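Structure record follows, encoded as structure tokens.
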Number of protein chains: 2
Amino acid sequence: MEDYAVYEARAEVVKALAHPSRIIFVEALAEGERCVCELQELVDATMPTVSRHLAQMKNAGIVTGRREGNQGYYRLLVPCIMELFHCIDAVRRDAAERMAESVET
Amino acid sequence: MEDYAVYEARAEVVKALAHPSRIIFVEALAEGERCVCELQELVDATMPTVSRHLAQMKNAGIVTGRREGNQGYYRLLVPCIMELFHCIDAVRRDAAERMAESVET
DNA sequence: TGCTATTTTAGCTAAATAGCTAATAATGTC
DNA sequence: GACATTATTAGCTATTTAGCTAAAATAGCA
């Protein structure tokens with residue numbers, strides 16, 4: 001309760017990952033820099049929507065953007081975020097196992 | 001785009017962590033099982049609100065709950081989630097450094 | 001300058017999330 | 001059974017988030 005700001009800050013970063021499209025972007029950016037147009041092709045959304053997602057991720061400090069010519073490029077600032085997804089996939093597998101068990105029981 | 005469901009599922013788990021109170025609960029539960037009343041004391045919210053947060057986390061497969069007497073106990077199912085917070089704190093430190101640099105420059 | 005391509009911002013609406021109070025369950029005790 | 005305690009669920013309102021279209025930047029090129 002005392003340094004609640006720390007938890008709010010953490011939540012901001014987590015929120016910046018809490019959307020299917022943004023997770024897809026992180027996964028793509030983990031392999032290297034991508035331009036906005038490439039990222040758009042990965043999801044079913046308009047360019048403005050993609051741009052806003054990227055802005056949110058940038059604001060949270062997850063990615064950084066640069067401009068080259070008339071197109072924008074983004075790259076992942078924190079590769080360790082990929083480990084999170086491995087962890088999450090483990091969570092999901094565990095949940096699936098518990099479901100299976102409870103059916104048996 | 002083809003197995004979009006995987007990304008939606010991941011997003012559900014991430015969303016279940018995307019709130020200051022829920023992050024506080026995860027941190028507390030990382031140290032061991034806690035009853036609902038103990039968790040409530042950690043945050044500024046009513047019992048129903050705490051209960052809903054815990055239900056969401058349970059639904060996402062992050063925690064599991066049991067009843068003993070007339071009080072409920074929860075425990076963390078996936079300790080690796082704590083690594084996420086270390087990663088996030090690193091993200092925040094990096095962001096702070098970049099801020100400092102951009103001021104100098 | 002005028003035109004095109006790419007990205008971002010503005011302004012709006014619809015949907016999701018978070019919180020409360022009140023009501024209901026579930027247990028334990030007298 | 002009556003009552004107290006703890007937790008959950010229901011029903012509601014306020015805030016936040018996500019998406020779109022339209023408009024505005026930004027950069028390249030004729």
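If you're wondering where the values come from, they're calculated on a predicted model, not measured in any experiment. Order of the sequence lines sets the chain letters (A, B, ...), proteins ahead of strands, with each chain counted from 1.
If you measure from atom CG of B/N59 to atom P of C/dT17, you get 12 Å, rounded to the nearest angstrom. Separating the CE atom of A/M47 from the P atom of C/dA10 is a distance of 18 Å, rounded to the nearest angstrom. Atoms NZ (B/K58) and P (D/dA7) sit 13 Å apart, rounded to a whole Å. One interatomic measurement links the two molecules: CZ of A/R34 to C1' of C/dT6, which rounds to 18 Å at whole-angstrom precision. Separating the CD atom of B/Q40 from the P atom of D/dT5 is a distance of 15 Å, rounded to the nearest angstrom. The distance between atom CD1 of A/I24 and atom P of D/dA18, rounded to the nearest whole Å, is 14 Å. Residue B/D44 contributes atom CG, which lies 16 Å from atom P of C/dA18 at whole-angstrom precision. Atom pair A/L39:CG and C/dT8:P shows a separation of 10 Å (rounding to whole Å applied).
Between B/Y4 and A/D44 the shortest side-chain heavy-atom distance does not fall below 4.5 Å. Here the side chains of A/V78 and B/C87 are in contact, with some heavy-atom distance below 4.5 Å.
Comparing atom distances between the A/P48 side chain and each of C/dT7, D/dT21, C/dA22 picks out D/dT21 as nearest. Picking from D/dA18, D/dT6, C/dT7 the nucleotide with the shortest atom distance to the side chain of A/S51 gives C/dT7. Taking every side-chain heavy atom of A/A45 into account, D/dC20 is the closest of C/dC20, D/dC20, C/dT9. Nearest to the side-chain atoms of A/Y74 among the listed nucleotides C/dT7, C/dT8, D/dC20 stands C/dT8. Residue B/R52 places its side chain closer to C/dG19 than to any other of C/dG19, C/dG11, D/dT6. Considering only the side chain of B/Q71, D/dT6 comes nearest among C/dT6, D/dT6, C/dA22.
B/A60 and B/E12 get closest at one heavy-atom pair: CB-O, 4.2 Å.
Taking 4.0 angstrom as the limit, B/H53 places a side-chain polar atom (N or O) nearer than this to OP1 or OP2 of C/dG19. Proximity of A/H19 to the phosphate of D/dG19: a side-chain N or O atom is located under 4.0 Å from OP1 or OP2. Contact between the side-chain N/O atoms of B/T49 and the OP1/OP2 oxygens of C/dC20 is found at a separation under 4.0 Å.
At a threshold of 4.0 angstrom between heavy atoms, the contacts of A/Y73 with the nucleic acid are absent.
Where A/Q56 and B/E38 each meet DNA chain D at their nearest nucleotide, the meeting point lying more 5' is that of B/E38. The nearest heavy atom of DNA chain D to B/L54 and to A/A18 marks one nucleotide each, and the one closer to the 5' end goes with B/L54.
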| message | One character per nucleotide, please: for nucleotides 24-30 of chain C, 5' to 3', B when the base has a protein heavy atom closer than 4.0 Å, S when only the sugar-phosphate does, - otherwise. | response | --BBS--
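By the 30° and 60° cut-offs, the orientation of the rings of B/F25 relative to B/H53 is perpendicular.
To the nearest 0.5 Å, atom CD1 of residue A/I88 and atom CD1 of residue B/I81 are 7.0 Å apart.
With hydrogens and angles ignored, the 3.5 Å screen pairs a side-chain donor or acceptor of B/R22 with a backbone N or O of B/K15.
Of the charged side-chain nitrogens involved, at least one lies within less than 4.0 Å of a carboxylate oxygen, so that A/E33 and A/R66 count as a salt-bridged pair. Under a 4.0 Å N-O distance rule, the pair A/E27/B/R10 qualifies as a salt bridge.
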